[in-house]
Amino acid sequence: MSIDSVTLEVIRNACIAIAEEMNANLIRTGYSPNIKERRDCSCAMFDADAELISQAENMPVHLGAMPFSVAAAIDRYPPETLEEGDAIILNDPFRGGAHLPDLTLVTPIFVDGDIVAYAANRAHHADIGGSRAGSVAADSTEIYQEGLRIPPVKLFAGGEVNEPVMEMILSNVRTPDERRGDLRAQEAANQTGKRRFTELVGKYGVETLTEALAEIKDYSERRMRSEIESLPDGTYSFEDVLDDDGAGNENLPVVVELEVDGDSVHVDFEGTAPQTDGPINAVFAVTASATYYAVRCVTDPDIPPNHGCYRPIDIHAPEGTIVNPTLPAAVVGGNLETSQRVTDVVLGAFGNEVPERVVAAGQGTMNNITFGGTDPRDDSPYAFYETQGGGFGGRAGKDGMDGVHVHMSNTMNTPIEVLETAYPLRVTRYELRQDSGGAGEFRGGLGLRRDIQVRDHHATFSLLAERHRSTPYGLAGGDSGGNGAAYLIDGDEEKLPEKSTHVLEPGQIVSVRTPGAGGYGDPDERDPEAIARDLRLGKVSPEFTRDHYDYED
């Protein structure tokens, strides 16, 4: 049977619409601000072979790694062991997960007794237990300290909640009501995917749909191979560092060598630092996700993201390194921070050869913060987690964006009104950081400053960040972006280590100042009108302008 191109395109877009509707429902029905407001979640559809067919455009670090979790779920529960109404939950990083707060739910979709597809989503829960509220502990040294580790297990069986499993999860977290609500929202999202895909089967039939999905994956593969073939053959290399692991190990190299050979690319991380005691180890699924993302950025981001577009990309990440650790490595920051550096080095390698296709380095960190304690308003436990935006790199023809989440993070901020209503915290200052973007013909984006005060209680605060010492690189002659920093303010300012945990007194303020981004192109080539605009808007100071640009006011 041959399917015409119009029908293929209709089916492809229908599958994308299914994933987007799933995500809209997950956000709308979620309980926690981290899902409802920050949208720290992702949804995707998989075919009967558990291969990715469509995704909502959400968190790159989720989406590239989710196929590994779906594969682990199906390996544990082959199709013959599943029935209508089942749903498998897991978060184990060593079974395709990312880090423990990211819970993945996989739901098989049946038609006439056979599985025709899987709906899946991943959501970052604000707490999953462990030694620190928020489950993003900067001082963890093994995964057992980071929270509840869940292998693939049925959370729903035959349409009913598997209560022992649900009880086991809720008994290990600080905010069980919120967790139950978010888990229910994840199930509702998958039910949306199930309903919509079943309607698609009803319209086209299983045979036509199966053939169409195979052709859609092949189409993505052909486009990806064509784009890779347009790159110069050869070996591209780049190296950058992580500041530290929070456990005394500093300047940890992340090394990549890309071999572009015809219509395929081999990505090798040989030479990267061995896995460390601190929580910056990125499991293979996370490393692969960051690599896939970077290659798509350099080729054509409009290629439909599915299993087919990843076929030409081969990845070697040596076992026992910070890009492919072994148990019992602590991994929470690998998902959050090392994934960003993997993106930086893969883009940097391409930038050496085809800079016109690449952006300068973004802030290179997610600036993770968690607050936890007992809310004095009702004596209930709380756990607050968020990441902070920063600079996006300059690129050919355009300045970088200011104060946004970059690359592997694609969330929003927590609105001040929501933060102060939901938690015993107050935002006392929130602004762009003048002079933090790297100079260039096209300026790097600015970082942010966000000051949060503890109100009327003692709180545990954890910071997990990067680029406080290393700088986001410029490209094509552009300057590096500015460093990040964090301070404890209690009258005086005390600089905080970028990976650290603290007990805060009532009234104390934590000031997180995020990195800017690298500039693109020779600063002497910057349009004087653009410099004047930056001065007028306060994005650069007169001193910075004199030091970095050939400009007369």
Side-chain angles (χ1 to χ4, degrees), residues 23-41 58-59 101-103 123-129 132-136 170 173-186 188-189 366-390 403-405 409-432 448-464 486-490 502-514:
N23 197 70
N25 281 358
L26 176 52
I27 291 167
R28 186 172 65 250
T29 59
Y31 272 44
S32 66
N34 198 50
I35 293 174
K36 291 189 73 69
E37 302 292 343
R38 294 190 62 250
R39 305 186 179 192
D40 196 345
C41 56
N58 300 115
M59 293 280 289
D102 284 340
L103 271 60
H124 183 122
H125 285 247
D127 186 84
I128 194 64
R132 303 292 184 184
S135 309
V136 182
L170 301 183
V173 300
R174 294 171 176 84
T175 49
D177 290 342
E178 188 176 84
R179 301 287 65 74
R180 183 189 291 273
D182 284 346
L183 287 170
R184 282 293 197 176
Q186 288 187 256
M366 296 191 196
N367 305 293
N368 308 270
I369 64 169
T370 58
F371 287 84
T374 300
D375 191 329
R377 296 172 297 183
D378 59 8
D379 291 328
S380 65
Y382 78 92
F384 168 62
Y385 167 79
E386 74 170 354
T387 57
Q388 310 290 327
V404 296
H405 290 80
S409 173
N410 191 32
T411 60
M412 302 176 73
N413 68 355
T414 307
I416 293 172
E417 299 83 355
V418 172
L419 190 159
E420 294 184 344
T421 299
Y423 306 103
L425 304 169
R426 176 181 289 122
V427 177
T428 61
R429 187 167 176 173
Y430 193 26
E431 63 192 25
L432 294 174
L448 293 171
R449 174 174 176 172
R450 187 154 160 114
D451 292 6
I452 301 177
Q453 184 179 42
V454 175
R455 298 175 58 193
D456 303 325
H457 72 295
H458 290 81
T460 299
F461 167 74
S462 188
L463 172 68
L464 186 57
Y487 294 87
L488 177 64
I489 302 176
D490 190 1
H502 311 270
V503 176
L504 305 182
E505 301 286 338
Q508 288 186 316
I509 296 171
V510 172
S511 176
V512 178
R513 304 169 193 184
T514 70

> Passes side chain to side chain contact (heavy atoms under 4.5 Å, CB included), V136 versus I369? Steps please.
Replying inline: CA-CA 8 Å; V136 182; I369 64 169; over 6 Å; no
> Between L170 and R180, does a side chain to side chain contact (heavy atoms under 4.5 Å, CB included) hold up when you go through it step by step?
Replying inline: CA-CA 7 Å; L170 301 183; R180 183 189 291 273; 3.2 Å; yes
> Would S32 and H124 satisfy side chain to side chain contact (heavy atoms under 4.5 Å, CB included), going step by step from the backbone distance to the final call?
Replying inline: CA-CA 10 Å; S32 66; H124 183 122; over 6 Å; no
>> Go through it in stages, so that I can follow the logic: the residues are L504 and L488, the test is side chain to side chain contact (heavy atoms under 4.5 Å, CB included), and I'd like the CA-CA distance, side-chain angles, deciding distance and then a yes or no.
In response: CA-CA 9 Å; L504 305 182; L488 177 64; 3.7 Å; yes
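- Using a 4.5 Å cut-off on side-chain heavy atoms (C-beta onward), D451 and Y487 make no contact.
- Using a distance-only test at 3.5 Å, with no hydrogens or angles considered, a donor-acceptor pair links the side chain of T29 to the main chain of N25.
- Between the side chain of N410 and the main chain of H405, no donor-acceptor pair closer than 3.5 Å is present.
- Residues T387 and R38 bring a donor and an acceptor atom of their side chains to less than 3.5 Å of each other.
- P415 pairs by the side chain to side chain contact (heavy atoms under 4.5 Å, CB included) definition with E37, N413, E417, V418, not counting sequence neighbours.
- Inspection of the S380 and D375 side chains reveals no N or O donor paired with an N or O acceptor under 3.5 Å.
- The CG atom of D127 sits 11.5 Å away from atom CG of N34, with the distance rounded to the nearest 0.5 Å.
- Between the side chains of R449 and S511, a donor-acceptor pair is found at a separation under 3.5 Å.
- The aromatic rings of Y382 and H457 stand perpendicular to each other, their planes meeting at an angle above 60°, with 30° marking the opposite boundary.
- A distance-only check finds a donor-acceptor pair linking the side chain of N367 to the backbone of Q388 [under 3.5 Å].
- With contacts defined as side-chain heavy-atom distances shorter than 4.5 Å, the pair F371/I452 qualifies.
- Under a 3.5 Å cut-off, the side chain of H458 and the backbone N or O of E505 do not form any donor-acceptor pair.
- The two residues I35 and C41 have their closest heavy-atom pair at CG2-SG, 4.2 Å.
- D182 contributes no side-chain N or O that, together with a main-chain N or O of G30, makes up a donor-acceptor pair within less than 3.5 Å.
- For H125 and Y385, the gap between ring centers reaches or exceeds 6.0 Å.
- A donor-acceptor contact shorter than 3.5 Å is absent between the side chain of D490 and the backbone of Q508.
- Other residues, nucleotides and ligands place no more than 12 heavy atoms under 6.0 Å from the OH atom of Y31.
- In the displayed structure, R184 atom CZ is contacted under 6.0 Å by at most 12 heavy atoms of other residues, nucleotides or ligands.
- Side-chain contact between T428 and I509 is present, with at least one heavy-atom pair separated by less than 4.5 Å.
- The heavy-atom pair separating P33 from E178 by the smallest distance is CD-OE2, 4.0 Å.
- Residue pairs that meet the salt bridge (charged side-chain N to carboxylate O under 4.0 Å, His left out) test with at least one member in residues 378-388, sequence neighbours left out, are E386-R450.
- Here the straight-line distance linking atom CZ of R426 with atom CD1 of I416 works out to 12.0 Å at 0.5 Å rounding.
- Between L26 and Q186 the shortest heavy-atom distance is CD1-N, 3.7 Å.
- What you find for L419 and L425 is that their closest heavy atoms are CD2-CB, 3.7 Å.
- Contact detail for L103 and L183: the closest heavy-atom pair is CD2-CD2, 3.8 Å.
- Nearest heavy atom pair, residue R377 against residue T421, reads NH1-O, 3.1 Å.
- Not one N or O on the side chain of S462 forms a donor-acceptor pair closer than 3.5 Å with the backbone of T370.
- The shortest distance between side-chain heavy atoms of V427 and E420 falls below 4.5 Å.
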